[in-house]
2 protein chains.
Amino acid sequence: MPLPRFQKLDEPRKKTILDAAAEEFGERGFEQASYNRIIERAGISKGAMYYYFSDKDDLYRTVLDHALAHWLLQVGFPFEADDAASFWNACEAMYARSLRFMLEDPKNAALCLSVAQARERLEGHPVLLMLNERMMEWTGALVSQGQALGAVREDLPTDLIVHAALALMDAGDRWLASHWSEITADAVDDTASKMVDLFRRVGEPEGAR
Amino acid sequence: MPLPRFQKLDEPRKKTILDAAAEEFGERGFEQASYNRIIERAGISKGAMYYYFSDKDDLYRTVLDHALAHWLLQVGFPFEADDAASFWNACEAMYARSLRFMLEDPKNAALCLSVAQARERLEGHPVLLMLNERMMEWTGALVSQGQALGAVREDLPTDLIVHAALALMDAGDRWLASHWSEITADAVDDTASKMVDLFRRVGEPEGAR
DNA sequence: GGCGGTTCGACCGAGTGGTCTAATACTGGG
DNA sequence: CCCAGTATTAGACCACTCGGTCGAACCGCC
């Protein structure tokens, strides 16, 4: 919710500002990020910045909104499954999309990771907590769908499965990050397949294979 | 590495100071923690604090050292395994100890979680990074032991397994934290068993059961 | 009295998020 | 073409917190 004036800005200017903010917030998180430094990075004056955003909070929300929108667009869809096998295939495809997203847009990737961090710390900026809750609901829905298709076990609390799934996802991201240079673009599908196998092991009903 | 004078303080005074610091650092992490606030909490003057610790960094290291020492003592040992089955049993016992540690000493638990956080963010205070590296080496050794006993698969990169294991552990802690009130002391073993089953699913060789 | 170890808190410079005024750029109407 | 009035920009300034310093005071002891 930037002040409406911001929307009227020409595209490159908007991008410059949002990019600078995304970098700073991504690198340091909300608290540690310096509004002054963002202003400096964006090559804009303080007055101008406060003319477009009411405060640091406002800018943060705007930047996160953008990143999340990108993520949903690029990763979340399509997801179509009508039996257990196609469910796991769809997961694999989605995971591969997620990897590509991280690879090609590290700036937004860092922001998305900060959402995961809020989950890990159980605290953080209210906006992070809210996004994280949405993320968990979204994952919960996915798990339920899997259960309905017989792809996911039902003998554990759903929220435990959700936590485990998200944790594995983060672990994968982290492992990927520490092997960044070795991951060529066409190794993505292979990696996704390996990772989703871990998800299956955790999530599949006993003796499903 | 507090200044040697600190060691000569009487026990309750030391405890007051370290507790205050552990709380603040545990709640907010190194950067966000306020040295001034710790001083206030400890009910001590600034001059006295700087008389015992050379700076914020020094205090942080000291506090983390204490917490880690406690953890190792209470959780790390004993761990004895001479075949696949006893390996997983030992894991279960260790996980149960870890749960008890978290339950009965939330102050230190929060500090230990901040180490996990450094892993998740791939950055943080140098001391956190170092501790985290030690933690990963330690887990890596555990995985190797498991592999030697045929309890852990060898078809994945070791460090991926380590990342996955630590992630599942954190997920368990988090899930536990959000069900804090429901966990009675004697439910610990049951929970540990459930959780280690997840570890087994991820870590065991194909078709081991 | 004087000495060393200890405690105190005023003070410092740097950096924070945020405000405000004055100057500038841009607009449409006469 | 000029001018009034609005939209935009610049950056000095504000109060505050931060980690850290320092000289004075205090205390028990010889």
Side-chain angles (χ1 to χ4, degrees), chain A residues 1-64 114 124-128, chain B residues 1-64 114 124-128:
Chain A
M1 322 105 200
L3 301 181
R5 302 144 178 162
F6 180 69
Q7 303 300 347
K8 294 196 296 186
L9 231 48
D10 53 303
E11 213 51 52
R13 215 162 158 62
K14 280 201 280 189
K15 186 163 159 38
T16 305
I17 295 177
L18 288 183
D19 279 359
E23 272 176 43
E24 177 78 10
F25 283 128
E27 284 171 15
R28 319 213 184 205
F30 176 75
E31 317 266 10
Q32 213 55 25
S34 156
Y35 206 66
N36 291 322
R37 216 181 289 126
I38 293 175
I39 288 168
E40 216 172 310
R41 283 185 180 206
I44 213 180
S45 80
K46 203 156 198 173
M49 201 59 150
Y50 275 97
Y51 185 69
Y52 293 122
F53 299 92
S54 56
D55 53 16
K56 191 186 181 187
D57 224 86
D58 186 19
L59 176 61
Y60 191 48
R61 285 169 204 269
T62 306
V63 163
L64 276 184
S114 69
H125 193 281
V127 155
L128 278 190
Chain B
M1 324 90 208
L3 300 182
R5 302 146 179 164
F6 180 69
Q7 304 299 348
K8 293 197 295 183
L9 269 177
D10 53 301
E11 213 51 54
R13 213 162 157 66
K14 280 201 278 188
K15 187 163 156 41
T16 305
I17 295 177
L18 289 182
D19 280 359
E23 274 177 41
E24 176 79 10
F25 284 129
E27 285 171 13
R28 321 212 182 205
F30 176 76
E31 316 267 10
Q32 211 57 24
S34 157
Y35 206 65
N36 292 322
R37 216 180 289 125
I38 293 176
I39 288 168
E40 217 172 311
R41 283 185 179 205
I44 212 181
S45 81
K46 203 156 198 174
M49 199 63 151
Y50 275 97
Y51 184 67
Y52 292 120
F53 298 92
S54 57
D55 53 16
K56 189 185 180 184
D57 225 84
D58 186 17
L59 176 61
Y60 191 49
R61 286 170 205 268
T62 306
V63 164
L64 276 184
S114 70
H125 192 279
V127 157
L128 277 190

Please tell me if A:N36 has a side-chain N or O lying less than 4.0 Å from either OP1 or OP2 of C:dG17. yes
Check: For the residue pair A:Y60 and A:F25, does the interplanar ring angle fall in the parallel (under 30°), tilted (30 to 60°) or perpendicular (over 60°) class?
Finding: tilted
Do the side-chain N or O atoms of B:R13 get closer than 4.0 angstrom to the phosphate oxygens (OP1, OP2) of C:dT7? yes
**Q.** Salt-bridge present (A:E11, A:K14; N to O < 4.0 Å)
**A.** yes
ask   = Is any side-chain nitrogen or oxygen of A:R37 closer than 4.0 Å to OP1 or OP2 of C:dT16?
value = yes
May I ask you to test the A:V127-A:F30 pair for a side-chain heavy-atom distance under 4.5 Å? no
Does B:Y51 put a side-chain nitrogen or oxygen below 4.0 Å from OP1 or OP2 of C:dT7?
no
| said: For C:dT7 and B:Y52 - does any side-chain N or O of the residue sit under 4.0 Å from the phosphate oxygens OP1/OP2? | reply: yes
### Task
Look at A:S34 and C:dT16 and indicate whether a side-chain polar atom (N or O) is within less than 4.0 Å of OP1 or OP2.
yes
**Request:** Please state whether the base of C:dG18 and the side chain of A:K46 form at least one donor-acceptor pair under 3.5 Å?
**Result:** yes
B:F6 CZ to C:dT6 C1', in whole Å, measures 15 Å
In this structure, CG of A:D19 is separated from CZ of A:R41 (nearest 0.5 Å) by 11.0 Å
